[in-house]
Amino acid sequence: MVNVGIAGLGFMGMTHYNAYQKVRGAKVRAIAETDPKRLAGDWRSIKGNFGPPGEMVDLTGIAKYAQIGEMLADPTLDMIDVCLPPGLHAQIVIDALNAGKHVLCEKPIALKTADAERMVQTAQKTGKLLMIAHVLPFFPEYRFAYRAITSGKYGAFLGGHFKRIISDPLWLPDFYDPDRTGGPMIDLHIHDAHFIRLLCGMPEAVQSVGKMRGEVVERFQTQFLFENHDLVVTAASGVINQQGRSFTHGYEIYLEQATITFESAVIEDQGQNIMPLTVFLDKKNKVLRPALEGGDAFVGELTEAVRAVRSGEASPLLAGELARDALVLGNRQTQSVLRRKAVKV
């Protein structure tokens, strides 16, 4: 049994707690949170742009810490699940690794590349696992695309377009703070930057255009420029001011023998499949809508983290190095918007 301590009870802390209830081989044994109401189980103030709202939760039998340092000293815990604002990730993760704990940290790994590198190096030095909770590869539609590309089932990967847009998260006062959350580039688009890095490796350069909001990019489009000029990969992400569509994501992926498309959205608080996962086959008037494997992506993600801890084998999908590279891409994209030209990676 992997004993888990959750650091932070915001939207993602609540999401992870709920998902752990369905994960075999793991148990939430402790929670660290500075808000006394949330620490007592009153989660009604928690809000996100998808999923159910917070509610009253019975935390009987779970150790409760007002200070994270106290939780890190708990000898019964095997893994710390860090769900704090991104600006706090680096030091807490490093402290947890030095305390002898494996770490699963919410994305992004950090806000600054130097901090991400320190986190990776600390994990290497301590021999503990550093995993970053990039959940996208565990969504059934993205898992299908990943397997289709890496298996070569439909021939070589030629490129694609990735999309991730939200309504302005008005309940998050620090969303556009470059030192706490990082704005849409680092808190939102990094999902797709991670997935693109996973599929394609690192590009040579990025070319981005966008609109700034203070020190962060509010909305943008990027072309990722690879050594292979035939590999055409683009992404669009950011925020709209209308609240009627709180979330949308999707892709159109091009392979030698097929095109794979998918788009989902939350409109007026209701989830909708705008384009269910669809495969258009080459040279045939044939369209497939494959059955999807797996269910809750967060359960899949946490199950993978627990497997890694129990086996001692690092997860290629949750690797800290991969998350560090995604952060590098996001920061280079911001530089490209500011400089109005391509920026080398």
Side-chain angles (χ1 to χ4, degrees), residues 2 4 6 11-26 28 48-52 79 81-83 86 102-109 129-151 153 157 160 162-164 166 187-200 235 237 247-251 253 260-266 271 273 275-277 279 290-311 313-327:
V2 175
V4 179
I6 296 178
F11 177 65
M12 291 314 305
M14 177 183 74
T15 299
H16 282 204
Y17 176 86
N18 291 336
Y20 278 117
Q21 312 311 308
K22 302 175 184 178
V23 175
R24 293 182 179 180
V28 177
N49 54 12
F50 64 89
M79 181 173 78
D81 186 334
V82 178
C83 295
H102 299 292
V103 175
L104 175 70
C105 177
E106 248 307 312
K107 63 81 202 164
I109 183 173
L129 294 175
L130 170 60
M131 299 172 285
I132 308 302
H134 276 282
V135 72
L136 203 61
F138 299 92
F139 277 88
E141 295 85 357
Y142 287 84
R143 179 187 302 168
F144 178 91
Y146 174 71
R147 290 177 175 173
I149 293 168
T150 56
S151 70
K153 180 177 182 180
F157 177 50
F162 299 85
K163 174 182 180 180
R164 187 165 308 275
I166 61 171
D187 194 62
L188 179 67
H189 165 71
I190 202 159
H191 282 295
D192 294 306
H194 177 271
F195 197 65
I196 290 167
R197 163 63 181 84
L198 180 66
L199 295 176
C200 307
S237 190
F247 176 79
T248 184
H249 73 164
Y251 57 72
I253 290 172
I260 308 174
T261 63
F262 161 72
E263 184 172 345
S264 176
V266 178
N273 264 347
M275 169 65 81
L277 177 69
V279 180
L292 294 174
E293 298 179 8
D296 189 312
F298 292 98
V299 173
E301 171 192 68
L302 299 183
T303 297
E304 173 67 2
V306 169
R307 180 208 62 76
V309 171
R310 296 184 72 178
S311 68
E313 297 178 0
S315 167
L317 298 179
L318 301 175
E321 293 85 350
L322 188 65
R324 174 202 59 204
D325 289 353
L327 177 64

Practice problem: Before giving the answer on side chain to side chain contact (heavy atoms under 4.5 Å, CB included), spell out for Cys200 and Phe157 the whole-Å C-alpha distance, their side-chain angles and the decisive distance to 0.1 Å. | Solution: CA-CA 9 Å; Cys200 307; Phe157 177 50; 3.4 Å; yes
Quiz item: Do Ile190 and His134 pass the side chain to side chain contact (heavy atoms under 4.5 Å, CB included) test, and can you show the C-alpha distance, the side-chain angles, and the key distance before you say yes or no?
Solution: CA-CA 9 Å; Ile190 202 159; His134 276 282; 3.9 Å; yes
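The distance from atom CG of Leu104 to atom CD1 of Ile132, rounded to the nearest 0.5 Å, is 7.5 Å. In this structure, CG on Leu136 lies 5.0 Å from CZ on Arg164, to the nearest 0.5 angstrom. How far CD1 of Ile196 is from CG of Asp325: 13.0 Å, rounded to the nearest 0.5 Å. Expressed to the nearest 0.5 Å, how far CD1 of Ile260 lies from OH of Tyr142 amounts to 12.0 Å. Between the CD atom of Glu106 and the CZ atom of Phe11 there is a distance of 10.0 Å, given to the nearest 0.5 Å. Interatomic distance, Leu327 CG to Ile109 CD1, rounded to the nearest 0.5 Å: 7.5 Å.
The shortest non-hydrogen separation linking Ala145 to Ile253 is CB-CD1, 3.6 Å. Smallest separation of non-hydrogen atoms from Gly25 and Arg310: CA-NH1, 3.5 Å. For the pair Glu141 and Tyr251, the tightest heavy-atom approach, listed with the atom from each and the gap, is O-OH, 2.7 Å. When every heavy atom of Ser151 is checked against every heavy atom of Ala148, the shortest pair comes out as OG-O, 3.4 Å. Residues Ile6 and Gly13 approach most closely at CD1-O, 4.2 Å, considering heavy atoms. Among all heavy-atom pairs drawn from Lys107 and Leu188, the shortest one is NZ-N, 4.5 Å.
Annotation: side chain of Phe138 is in contact with side chain of Leu318 (closest heavy-atom distance under 4.5 Å). In this structure, the side chains of Met79 and Met131 come closer than 4.5 Å at one or more pairs of heavy atoms.
Among residue pairs with one or both ends in residues 292-303, those qualifying as side-chain hydrogen bond (donor to acceptor under 3.5 Å, both in side chains) are Arg147-Glu293; sequence neighbours excluded.
Between the side chain of His102 and the main chain of Leu129, a donor-acceptor pair closer than 3.5 Å is present. Ser315 places no side-chain N or O within 3.5 Å of a backbone atom of Ala305 that could act as its donor or acceptor partner. The closest donor-acceptor contact from the side chain of Lys163 to the backbone of Ala235 lies at 3.5 Å or more, if one exists at all.
For Ser311, the side chain to side chain contact (heavy atoms under 4.5 Å, CB included) test picks out Arg307, Glu313, with sequence neighbours left out. Scored by the side chain to side chain contact (heavy atoms under 4.5 Å, CB included) test, Pro137 finds His194, Phe195, Leu198, Leu317 as partners (sequence neighbours excluded). Asp81 is linked by a salt bridge (Lys or Arg N to Asp or Glu O under 4.0 Å) to nothing, counting only residues two or more places apart in sequence or in another chain. For Ser264, the side-chain hydrogen bond (donor to acceptor under 3.5 Å, both in side chains) criterion is met by no residue, not counting sequence neighbours. Applying the side chain to side chain contact (heavy atoms under 4.5 Å, CB included) criterion to Thr261, with sequence neighbours excluded, gives Glu252, Thr259, Met275, Thr278, Phe280.
In this structure, His249 has its ring center under 6.0 Å from that of Phe262.
Using cut-offs of 30° and 60° on the angle between ring planes, the pair Phe298 and Phe139 is perpendicular.
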